Amino acid sequence: MSRNARSGIAVALSLAVLLFAAGCRHRSGTRTTVETGGGIFTTDNFPGAPVQNGNVADDQRGMSPSGEDYDYIQGCFPNGDRGTALVVFKMLSGQSYVTYYDGESWTPPVILAATDCVLDTVQENVFVAWINTEGHPSGDAQNRDGDAVILWRAEDADGDGAADADDVNMCLWMTYFNVRQHDSIGDRYGFQEFASRLNDRDMDGEDVQCFGVVSDGLQGEARWNFSGYDARWGDATTSIEVVWHQREDNDGSPGFEDRAMHARRLILDSAIGDDLPLVTGAGVGPDVRLPVNPLGASDSGISSGETQVDFFFTSYNNTLFFRLAADNTGAFIDDPSAELEDSHPGSTSGIFDGVNAGVDQVIESLTFDPATGTPSSPVVLHAVTPDSTDALANDASIAPGDFGFQHFPTGLCYGSDEGLAALVIVTLEFDQDADGAFDAVNSGRLALSEVSESTGAMLSHTLLGADDPAVNDTPEMGAARGVLGRNGDYLVAVWVARSSDGASNDRAIFAANYVTTRIAEDGSYPALPAVAMSLSPVVPVNPDLDGSSAFFWAFQQGLGYVCGIQSDPDVVNLMYEHGDPTYDEIFVARLTAGPGLPASLAVAVTSVDIEDNDVGWRGNNTIGELNEAGRGWTCIDSGSGGNALVVYDKDVIAGAGEEHHYFSKLMGPGSAVVRVDSGIAELQARSYSIFLVGTPAGSDIRVFDPVSGEDSDARANPLQAAHTFFLETDSIPVPGIGASLRTRRFNPSSAATFGESWTPSAGSTFEPAFEVDVPEFSTASNVNTPDLRKVFRCGTELGFYFRQAGRIYYQEFDGGAGLGEAGWHNEGGVSDPFLVDDDSDEQTANVDAPAVASRNSCCDLPGAMQFWGTKPFGSSHIRLHVRVRDGGNN
């Protein structure tokens, strides 16, 4: 069986088949019985409240209402690091419910409802914006601190009673939550009974397609899509603007012509009485159509279709970025909408698809005044301001162009939330081409813009590198990423494009470094230096290899502002694959970003390992893909010198046949390789995804001073320990054979040799990796393979939930464990995870059951939640349940 096929079976079965499996784990000595009515709930001594704490529905036998089936979680929305959260879930009927978690207990579920609304059409993309107004200048706003608004889409019922029926449209609704009433059943636990409708337009086809929020309550960059979002919330809130993508009927005939952005302002100083939540329609400003720069086309009346706004957009605090297409080269009414839909960067080809001659597509921005909600004049983020009346084509997109929602740390938009004195965004752009073919003569470029967060003015706009006329070197949309150093003093951008080096035009990896200007300690904003000083030249990362491309890459794990793990704060490692048809090879590129001016970036590349056949690492590639999931290989900071610790899966059999095992290499001085799996030939690597999670040694940040040039080791935040998790079979991998979840921990500088720095030891006294799941299930069939999706961290402690044999378990690592000590919860050296769901014969149902954090912070282990579904005794309906680890409101 091929490597890809075997991996696909492993993933599919671990995520799907085992969800149906019934099972009951019985252990002695650790179970506590919780009497609840009939005494049907029993539980291990999991470090949190019993299952019954979350069973808050009408019959107290689940979180979701009785008498109908739970379907999936639409979102868990924590409020910063406060330990509180709102959870929205959907029933199979199509109706949605919401419940509030105060850090200790849950409210009973309340349905999201509105008048003139078809309640079973609530869409998947729900979002919650918290009102954090403790320090707001208005007393009325301060009284609303801790409240929230729940934003959701659903169809109206065409029941407004007007002479001309408005037809059915997808609309935007807002349900208010009053935290002061969350324990009052008479006030619906604080939830507004009938939601406010935010969009006014109501004619045939005037659907709301995508919505989002522009607010300083957001934490960093937020991305909004037709079907979802990538956003975190928790900062102090001065203003909230709800924005959405609106279809418009502007000629009086059925059907829409235009697509525009609209907004409504939440009036935070509007008084809210304590006796009931916000009444329908109160506390919000009017529906405002946002201005755009039409590039010379028409944006009003029956010719408004000459401009179209895309339904992908991003926001950062009070600034909104969106994509607009304009065309007015021919007929009185042109329609560039097909260009947005058919040639959106990041579509099937993964690169710019090209536009028709004369169609211009640009990124524009608006900045809202936090005091009044007034938007600034639209700003075009483009090297030129295109003219829609000429025959020249332009294109642009926000990077990453695929809007893959890989938010932090892989975004390309940073600003004051990370201590920067200007909002910096990297976009993808193609300028002034006559035929729109995106040929070698006029290729696309990455562009960096500096934007004022206070006024919205564009301070600079610079293309990264020069166009190579010998090759179409447009950056590939899905493979552009950026990372901010943990101290916030530089941004490294990395992308993939064609290179004309050598005899063939192969895909190559490129990088550039931008030195940021930071907000002063007194809160003032210093003047920005010339962007030519702040931006380094573009640097090729991989050496040219004719006939072979290097396009499958990833940053080291654990990067990020403040939370990031970097033993040398100026070094960022990235891994990539680069081989030829006869072998496959992985490398680590060490990127050293000098924090001083002028900006610089040094690259040093070292080979990690080689496979002499081409069915392993490289077999998982697609054009422009990134290895952010750890497929086959991944790396992290090693704890010293900015060097990388690499973990990878290798086929050790040359030529025909496969035998996969896990290895680790320590890069830099004293480089060494050890095997980190169980060291037994019959136990093979089961999945190509490797979890590598690091815990930091400290948390201090020392910002580089560009004036004095002072730089010290105190800016570093080195690795304290690295934990690698992987699935390993119990025999030669064939369909139907289960796998075990195993782990090994690396402690830097704790032993004389690299192998002895691992626990269990991978040195001269070699010990098998520690099995961290439920060991008695490991030798059975595929349904017993554990399913680990997310690891939570706080300081040096780790915890994770997993499914195995139809049950939910939790395992935790004691951060105080030393070298040679397992650290994971065990009995006599054998893994002993906590049972999370109740120890009964109730079946764990095949429904979405995510593990989520109740905090948006570096410490997300306290309050970590696990949801799941069961069919209780005597019921034919699937019910939602939840368990929460202690510490959610600490």
Side-chain angles (χ1 to χ4, degrees), residues 14-15 18 23-32 43-51 676-678 686-687 689-695 721-728 738-746 758-760 768-778 784-817 821-839 844 849-853 859-868 882-887:
S14 66
L15 295 182
L18 80 89
C24 179
R25 177 161 187 244
H26 299 285
R27 297 184 301 170
S28 60
T30 61
R31 186 181 298 119
T32 301
T43 178
D44 284 323
N45 53 356
F46 167 82
V51 176
V676 293
D677 58 14
S678 294
R686 172 60 188 274
S687 170
S689 290
I690 303 170
F691 282 86
L692 186 57
V693 181
T695 55
H723 302 255
T724 181
F725 303 92
F726 49 84
L727 288 176
E728 192 176 45
S740 296
L741 179 65
R742 294 190 170 95
T743 184
R744 202 182 289 270
R745 180 176 84 255
F746 171 73
W758 290 89
T759 299
F770 184 75
E771 185 174 348
V772 75
D773 56 10
V774 184
E776 59 259 43
F777 290 152
S778 63
N784 293 334
T785 298
D787 176 19
L788 168 63
R789 301 185 184 183
K790 180 177 174 61
V791 179
F792 300 92
R793 187 187 80 180
C794 191
T796 59
E797 293 183 331
L798 298 178
F800 64 86
Y801 297 95
F802 65 97
R803 286 174 173 264
Q804 190 173 9
R807 312 306 305 191
I808 310 292
Y809 296 91
Y810 174 78
Q811 180 60 279
E812 187 163 291
F813 176 78
D814 178 3
E821 298 176 334
W824 297 98
H825 195 261
N826 67 89
E827 287 186 4
V830 178
S831 176
D832 187 37
F834 303 99
L835 182 66
V836 175
D837 58 7
D838 59 271
D839 193 9
T844 303
V852 295
C859 173
D860 61 1
L861 178 59
M865 303 173 181
Q866 173 68 59
F867 295 89
W868 73 93
V882 67
R883 202 95 186 258
V884 185
R885 186 195 179 276
D886 283 338

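All figures in this text were calculated on a predicted structure; none of them were measured in a lab.
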Restricting to side chain to side chain contact (heavy atoms under 4.5 Å, CB included), what partner residues turn up for [X], sequence neighbours left out?
X: A49; result: N53
X: A851; result: F792, Y801, Q866
X: C859; result: C794, R855, S857, P862
X: V852; result: C76, P850, M865, F867

Pairwise distance [atom1]([X]) to [atom2]([Y]) - rounded to 0.5 angstrom:
X: Q804; Y: Y809; atom1: CD; atom2: OH; value: 6.5 Å
X: F726; Y: L741; atom1: CZ; atom2: CG; value: 8.5 Å
X: N826; Y: E771; atom1: CG; atom2: CD; value: 12.5 Å
X: T743; Y: F813; atom1: OG1; atom2: CZ; value: 8.5 Å

Practice problem: Please say which of V772, V774, D787, I808 ends up in a side-chain contact (heavy atoms from CB on, under 4.5 Å) with F802. | Solution: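 Running side-chain contact (heavy atoms from CB on, under 4.5 Å) over V772, V774, D787, I808 with F802 returns exactly one hit, V774.
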Please report the closest heavy-atom contact between [X] and [Y], naming both atoms and the distance.
X: G815; Y: E797; value: N-CG, 3.8 Å
X: A817; Y: G823; value: CB-CA, 3.6 Å
X: T785; Y: A739; value: OG1-N, 3.1 Å

Quiz item: Donor-acceptor pair, S831 side chain versus D773 backbone, under 3.5 Å?
Solution: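 Side chain of S831 to backbone of D773, a donor-acceptor pair under 3.5 Å: yes, one is there.
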Quiz item: Does T759 reach the main-chain N or O of E821 with its side chain, forming a donor-acceptor pair under 3.5 Å?
Solution: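 No, the answer is negative, given that no donor and acceptor are paired below the 3.5 Å cut-off.
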Exercise. Under the side chain to side chain donor-acceptor pair (under 3.5 Å) rule, collect the residues that match up with R745, sequence neighbours excluded.
Key: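 Only N747 meet the side chain to side chain donor-acceptor pair (under 3.5 Å) criterion with R745.
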Quiz prompt | Contacts of E812 that satisfy side chain to side chain donor-acceptor pair (under 3.5 Å) - sequence neighbours left out | solution =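 With sequence neighbours excluded, E812 shows a side chain to side chain donor-acceptor pair (under 3.5 Å) to Y810, R885, given in chain and number order.
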Quiz item: Parallel, tilted or perpendicular: which fits the ring planes of F746 and W758, with parallel below 30° and perpendicular above 60°?
Solution: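 F746 vs W758 ring planes: tilted.
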Quiz prompt | Whether F725 and F800 hold their rings parallel, tilted or perpendicular, with breakpoints at 30° and 60° | solution =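 Rings of F725 and F800: perpendicular, over 60°.
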Exercise. Could you walk me through whether W824 and L798 pass side-chain contact (heavy atoms from CB on, under 4.5 Å), step by step?
Key: CA-CA 9 Å; W824 297 98; L798 298 178; 4.2 Å; yes
Self-check item: Pairwise side-chain contact, F834 with N45, heavy-atom cut-off 4.5 Å (strictly under)
Solution: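 The answer is yes, as the side chains (C-beta and beyond) meet within the 4.5 Å cut-off.
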Quiz prompt | Derivation and outcome, side-chain contact (heavy atoms from CB on, under 4.5 Å), residues F691 and H723 | solution = CA-CA 8 Å; F691 282 86; H723 302 255; over 6 Å; no
Exercise. Check step by step if side-chain contact (heavy atoms from CB on, under 4.5 Å) holds for L788 and Q811.
Key: CA-CA 11 Å; L788 168 63; Q811 180 60 279; over 6 Å; no
